Every structure is written in structure tokens, then in C-alpha cells.
2 protein chains.
Amino acid sequence: MRKQRKGCDVPDATILRLPLYLEKLKLLQAIGVEDVSSRQLAESLDIKASQLRHDFHYFGGFSRPGRPYQVAKLVPALEKIIGIAEPVHTIIVGAGHLGQALANYQNLDIQGFPIKGIFDVNPKLIGLDFRGSVVQDMDEMETVIKDQGVKIAILTVPAAHAQAVTERLVAAGIVGIFNFAPMDLKVPTTVAVRNERLAVGIMSLSFKVKCILQSSENKEEAEEL
Amino acid sequence: MRKQRKGCDVPDATILRLPLYLEKLKLLQAIGVEDVSSRQLAESLDIKASQLRHDFHYFGGFSRPGRPYQVAKLVPALEKIIGIAEPVHTIIVGAGHLGQALANYQNLDIQGFPIKGIFDVNPKLIGLDFRGSVVQDMDEMETVIKDQGVKIAILTVPAAHAQAVTERLVAAGIVGIFNFAPMDLKVPTTVAVRNERLAVGIMSLSFKVKCILQSSENKEEAEEL
DNA sequence: GGGTTCATGTTAACCATTTAACAGCATTAG
DNA sequence: CTAATGCTGTTAAATGGTTAACATGAACCC
Ligand SMILES: NC(=O)c1ccc[n+]([C@@H]2O[C@H](COP(=O)([O-])OP(=O)(O)OC[C@H]3O[C@@H](n4cnc5c(N)ncnc54)[C@H](O)[C@@H]3O)[C@@H](O)[C@H]2O)c1
Ligand SMILES: NC(=O)c1ccc[n+]([C@@H]2O[C@H](COP(=O)([O-])OP(=O)(O)OC[C@H]3O[C@@H](n4cnc5c(N)ncnc54)[C@H](O)[C@@H]3O)[C@@H](O)[C@H]2O)c1
């Protein structure tokens, strides 16, 4: 088998930091900053400068050595790496509470993920308009995916229907699924899934809260002595 | 300084798996399964059995050695560890699109996080009813937090207001903040924050999609030769 | 009852990520 | 022109997390 294409064999932890780098750099760009050192950028993100340089090293060659990074070069370079140099056409499947909230969320568009369609089975929802996108029947989904070259789908249907919808999405050529249903989807290895698990998030928070409360109890006990 | 209280010095990676264990166990419980081995449970979650045992080992003593785990014992044990043995009173701050979707999300309640209040500054939203919770003015927030013993707040206000609201939450005694605004909150070390970053999620997905598309291009090229 | 099987708890080996260290280039001041 | 400073790219060390290995206990079968 052929060697994996350049810049794709990267630790997950690094991938998750790329958006944070990009976000911060765009902020700097907006206020007119031209140069930024690894130290400055890293400190503003609460990480070590060496980690940032190490991360960038996977992709190589952002700057003349000896000189700080140029914001204007780094931003498009990161966008290219992340895959959002061109807008990434996206659809939302499931126009319920969460689907509607996401459809209304302007940031998705701004960050490079324009919504090219919203789909649902519920006839009452079809025709509703969210920032210019109209909810369509599921029957239209495959056509839109193909015509618009949609590669990513945001899945906000009930867990019970998530797998069935996923199979349609995969068959229609979707390559990435952003899954909000609390269940694991079965997909071929040529499709990427990212699960957004609310329960995991709030429970991990709860764990930390419990630890904080316990340790403050301890402190109080200690003070009483 | 006193040794950290039992079961709080645990890797993040482990903490993030606890909710998955619990979820799967509850599912088993619902269909009447009484015993489950580390192997069975791990395989259903696509992890190694040794990792599961290693995770549990941080807390110790779930089972008689030599026998599988008892679902009926493990579920409450995990709930206690996560901190949801008793319902964890929660509020939502910001009753916009996302806040409303979350307010409507029954699962939060079911999983142990009953919503004790929803707050907003917009007078038009005040009085709206979501599954029995009525949107209240921000003026009421501190009172509700204290009267209901609220420990966790879900923050769904615009990024520009997130820090100011956070400071009020902290002053009122909130210990955990589930932050959906795309920005880093400054909080004292006695407060836990979990950032739910949509952009990070979808961009990491985009990265993987790009890699998949590139490698399939490669394959096509190879076939053409 | 002894051997076989299957289980956990625990420790040790392994692997990945993070952090530190340093070589080398660019700029600036003297 | 040289020394000093500040920076990156790169490699090496340290840390942390994952996986394997194994000692030991319980049940079952013959
Ligand atoms: N509401 C939240 O805040 C929230 C948060 C996290 C996760 N989730 C998850 O997101 C998903 C949606 O949640 P929600 O609150 O929006 O639920 P919802 O019931 O409001 O919306 C689900 C929508 O999916 C549609 N649907 C059902 N079957 C379908 C199918 N086969 N094809 C296309 N559309 C279909 C329904 O008509 C409905 O409009 C659920 O899996 C839920 O667990 C929701
Ligand atoms: N909509 C989404 O799907 C989505 C997804 C991910 C993250 N987010 C983030 O969640 C936050 C909310 O998003 P949204 O789409 O619901 O926005 P929104 O504008 O619909 O809702 C924000 C709400 O906060 C209220 N608010 C403003 N200032 C406040 C204050 N000081 N105190 C209390 N309430 C205040 C507003 O009145 C409004 O009702 C934003 O930070 C957004 O970036 C939204």
C-alpha cells in the first residue's frame, strides 16, 4: 500500500488544536497584527510554545527560520490543512429543536461550512425557512447531495433513526458525519464520524464538580480542627 | 497540603469514558442483563477489556474477583463516581436558539441534570415555557441558584457576554460551567469549565474528510496506471 | 477433588504525546 | 564585523496513557 498522503498522519490531539490556532490567528488578523511568535500564540491559548511548533512541524515550512510567523501566511495555510480553503458544503438532517438551532447558527457559514440543505420527514416542518435555507423532504436529500457536492452532513435525528439515515447518507456519497444522536454509527472506513455527545460533556463536568465540592469540604473540616 | 480525595486523581481520558460505560450499562439493565464481563462491555464500546479494567481500577472494588461485574451494582457505583447519584440541579443561561433546544432536550433531565431555571435578558423571551420551565429575567438568577442549590450552569449566551455572565455565576456559587460560547472563560481554580466547541468538532471532521478524499484520489490515480 | 475455563485486579511493557533542549538563521546594536 | 538576542525547526527526553501479561479466585464438569 502507498504511503499516506502528506499531512494526514497526525495525532488526534494535534488535529483538535488546529481550529484553535486558526481562530486565534483570525482574531489577530482582524486587529491588524502581522507577526506572531510561537510563544505569544501559545501563551494566549494556554499551551507550551514547543507544542505549537511541534504541531506545525507535522505540516512543515510555515516561516523563514529565525523570524516569527506571519499571520497573513499562517491563516490560509491552516485553512488549507484543515480542508476549508474552499467552502465545505454541508447539510443538516433532522429539522427538530437542535437542527433548527444549528440552521440558525451563522458561525457555521462564517467558518467555512455553508448549509446547502435541511431535511426532515415531518411534513409540518417542510417549507420552514432558516436564514435562507428551506426545510425539504428527505426525498430530495440525495439529489441535493449530488448536485451541490455536499461532503459533510450534520445529523440531528432521534437516535432510533440515526443508523438508517446514516446508511442513506453514506450511499449518497457523504464522507463526514457530525453526529449529535447519542449512539455509535456504523460506517465504512471511508467515512469519518465525529460524535458530539452532550451527556459525556456534562457528566465529565459533573465529575469535576463533585471533586471540587469534596475537596472544599475537606478544607472546611481541616479548618475546624 | 492534604492528599487529594479518593477517586479524583484520574486521567481525563478515563473520565470521558465513564459516561459511556454508564450509558451502555443502563442499556443492558433495561433489557434485563444481570452480569457483564469486562470483555463484553469493552467490545461493545470498541475498546480493550484491559483498558476498562484499568479505568475501573482507579476507583476499585466493583466486584468479587473471578466473577463478572453485576450490572445492578455497577450502575449506581458509576453514578456515585460521576456525581449524579442525586439529581444535579442545573440552569440554562441564554434562552436563544441553542438554549431553547437544550431546554427542550429531555435527556438532560433523564441523565440526572434537571433544569431548575432558564434565564435571559430579552423581555420578549421571559415567560416562555419549555417542558415546564419558564424563562425568567436575569435578576432572578442568583436567587434561584441559592434556593435550588444549583451547582452547574449551561451557558448559551453570545460570546461577547459570556465572561460577564460567568462572573455572576461564579459569584453566585456555581461550581461547573458548560460553555457553548466560542471563547475561553476566565474562572477561579475552584470552578470547572467544559467548553463545547462546535467549530473544533466540525473542523476536525473536515480535516479527516480532506484526508479521505485525498487518499481516494490517490487510489484512482494508482488504478489509472 | 483436580483440572479446565473464565473472570477480575494489578503490575509491567509498550506506545504516543508533551515538553525540553539545542543547532542554526535573522536582525540589531555596538 | 561581531556579539547578543530572538526566533524557528528538529531531535531527544520525560511524561502519561494504553495494552499486554499474569497471579489469583470462582464456578463447572468429569
Ligand atoms: N435538543 C438538544 O438540545 C440536543 C442536544 C444534544 C443531542 N441531541 C440529539 O439530537 C437529536 C435531535 O434532537 P432534537 O431535540 O432536535 O429532537 P427533535 O425531536 O426535536 O428533532 C428530531 C427531528 O428529526 C426528524 N426525524 C425523525 N426521523 C427522521 C428521519 N428518519 N429522517 C429525517 N428526519 C427525521 C423529526 O421529524 C424531528 O423534526 C437527538 O438524537 C438528540 O438526542 C439533542
Ligand atoms: N445556535 C447554535 O446552534 C450554536 C451552536 C454552538 C454554539 N453556539 C453558541 O451558543 C451561544 C448562543 O447561541 P444562539 O444561537 O442560541 O444565540 P441566540 O442569539 O439565539 O441566543 C442568545 C441568547 O442570549 C441572550 N443574552 C444576551 N446577553 C445576555 C446576558 N448578558 N445575559 C443573559 N442572556 C443574554 C439573548 O437575549 C439571546 O436570547 C453563542 O455563544 C453561540 O456562539 C450556538
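None of the values given here were measured: they were computed from a predicted structure. Heavy-atom basis, side chains included; hydrogens, waters and symmetry copies ignored.
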Rounded to whole Å, please give me the gap between [atom1] in [X] and [atom2] in [N].
X: B:H57; N: D:dT19; atom1: NE2; atom2: P; answer: 18 Å
X: A:H54; N: D:dT15; atom1: NE2; atom2: C1'; answer: 13 Å
X: B:D12; N: D:dG16; atom1: CG; atom2: P; answer: 12 Å
X: A:L41; N: D:dT8; atom1: CG; atom2: C1'; answer: 14 Å
X: A:L52; N: D:dT10; atom1: CG; atom2: P; answer: 15 Å
X: B:Q51; N: D:dT18; atom1: CD; atom2: P; answer: 5 Å
X: A:F59; N: D:dT8; atom1: CZ; atom2: P; answer: 17 Å
X: B:I47; N: D:dT19; atom1: CD1; atom2: P; answer: 9 Å

For B:F178 together with B:F180, are the ring centres under 6.0 Å from each other?
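Ring centres of B:F178 and B:F180 closer than 6.0 Å.
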When you measure from the side chain of B:S215 to the backbone of B:L213, do you find a donor-acceptor pair of N or O atoms at a distance under 3.5 Å?
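Not confirmed, B:S215 side chain does not pair with B:L213 backbone.
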Please work out if [X] contacts a base, only the sugar-phosphate, or nothing of the nucleic acid, heavy-atom cut-off 4.0 Å.
X: A:S50; result: base
X: B:R53; result: base
X: B:F56; result: nothing

Around A:R39, counting heavy atoms of other residues, nucleotides and ligands shown, do more than 12 lie under 6.0 Å from its CZ?
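Counting other residues, nucleotides and ligands, CZ of A:R39 stays at 12 neighbours or fewer.
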Looking at A:E86 and B:K210, does any basic side-chain N land under 4.0 Å from a carboxylate oxygen?
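Between B:K210 and A:E86 there is no salt bridge, as every charged N stays at least 4.0 Å from the carboxylate O atoms.
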Charged N to carboxylate O below 4.0 Å: is that the case for A:R197 and B:E23?
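Yes, this pair counts.
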Could you tell me from which nucleotide to which nucleotide of DNA chain C, 5' to 3', there is an atom under 4.0 Å from chain A heavy atoms?
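Range of nucleotides touched by chain A: C:dT17 to C:dT27.
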Does any non-hydrogen side-chain atom of A:M203 lie less than 4.5 Å from one of B:L22?
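They are in side-chain contact.
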Could you verify whether a donor N or O on one side chain and an acceptor N or O on the other, from A:Y21 and A:D55, lie under 3.5 Å apart?
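On atom types as modelled, these side chains qualify, holding a pair under 3.5 Å.
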Upstream residue (5' side of DNA chain C) when A:P11 and A:R67 are each assigned their closest nucleotide:
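That would be A:P11.
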With respect to the side chain of A:Y69, which nucleotide from D:dG17, D:dG9, D:dA26 is positioned closest?
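Within the option list, the nearest is D:dG9.
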